[in-house]
Amino acid sequence: MNSMTKQSKVDLGLIALIISIISFFTCSSCFFLGIAGLVLSLLVILDNKGRYNKTQGYIALSLSIVSIIMMLGMLVILMLSGGSNRTEEEHQNPITTTTSMTTTVTTESTTSTTTLTTTTTSTTSTTTTTVTTTTSTTTVATTTNTAVQKEEEYKLISDTIKNNSYVSGRDFLKNRGYTATYEHEVTHLDFTVELECYTDDELNNAGFIITGIKSFDYTNKKIALYVNTVDNIKRIESKKNTQQILEENFDPSVAVGTLEMYGKQMYPYGFSLHMMTGRLAETAVDENTWFLKYKASVTDAFGNEQEVTCEAKVKGPESSPSVYDFYVY
């Protein structure tokens, strides 16, 4: 009986020891071996009936604990190395996000459907999201097309009527459905009604032409135009040419200075042209003569100063100018 008890004690302790040794020397390649060695060694140690060799149980317990700790350490190392590898891969292969939007829009109170597709791709996961939004009765104003049409229409009208006869321009605009008003280019008076009082032949004989566009309303089909006569335009151009020649040969500042000196001779107690702020007229009479009109101040013998208007003609050449038709009022 004692022999059987001793044998059972030796066998269980030996089995626990063998399992623990195998688990230790295999670096806990099998988790269950370590656990089995731990459990058996605890049974041997906790046995109170003296059936097992407790020395073998303590050795098996130590080996089992060490092997389990080694196993856990290896698991931690593997987890850390795996996380590091994933981090490096994410740096090497950054997340790629592709967003594509397909929009279908129709005008004239039709249905508009917008589909938004977002695809996110990484080394570990792929997410695809599709959002579809549908709105009914959507009106989209064709602003761009309208602007282009307006520009083309303005160019067509300008090229057709500018510097051409009033009669042909009037008829052209009427055929295109426009309501037109006319303003004199020089006086800026409204000539719309006055032009309607004459026949087409009389207007053509007077030489009325359309010289430019003042305003253009494409939406409401309204247009305002400048008109003038050919003869008047020629006179204006002639004056411009005359003044240009005069400015080249006789500087207007010299003419103004000559007028100031002449005024001082005429008003010895005090005469001053307001050259900076008092200019009323500075035009060419001909290619050698300036007509000047300025605000001025004159002083009498008693020291009384008076604001007046001074006008005169100053004739060149620039080297020896002269003043005539001098008036102060």
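- Ring pair Tyr182/Tyr166 is perpendicular by interplanar angle, where above 60° counts as perpendicular and below 30° as parallel.
- Annotation: side chain of Ile213 is not in contact with side chain of Lys162 (no heavy-atom distance under 4.5 Å).
- Two residues are said to be in side-chain contact when any heavy atoms from C-beta on lie closer than 4.5 Å; Thr179 and Asn220 fail this criterion.
- A salt bridge links Glu260 with Lys264; the closest basic N to acidic carboxylate O contact falls under 4.0 Å.
- Between Arg176 and Glu153 there is a salt bridge, since a side-chain N of the basic residue sits under 4.0 Å from a carboxylate O of the acidic one.
- At least one donor-acceptor pair under 3.5 Å links the side chain of Glu318 to the backbone N or O of Asp251.
- Within a 6.0 Å radius of OH in Tyr329, more than 12 heavy atoms belonging to other residues, nucleotides or ligands are found.
- Heavy-atom neighbours of Glu247 CD from other residues, nucleotides or ligands within 6.0 Å: above the threshold of 12.
- Interatomic distance, CG of Asn241 versus CD1 of Ile236, reported as 12.0 Å (0.5 Å rounding).
- Rounded to the nearest 0.5 Å, atoms CD (Gln149) and OH (Tyr218) are 4.5 Å apart.
- Under the 4.5 Å side-chain criterion, counting only non-hydrogen atoms from C-beta, Trp290 is not in contact with Lys313.
- In the displayed structure, Lys221 atom NZ is contacted under 6.0 Å by more than 12 heavy atoms of other residues, nucleotides or ligands.
- For the residue pair Thr289 / Asp286, a side-chain donor-acceptor distance below 3.5 Å is found, with atom types taken as modelled.
- By the rule that hydrophobic residues join a cluster once side-chain heavy atoms approach within less than 4.5 Å of another member, Phe172 and Ile210 end up as members of one cluster.
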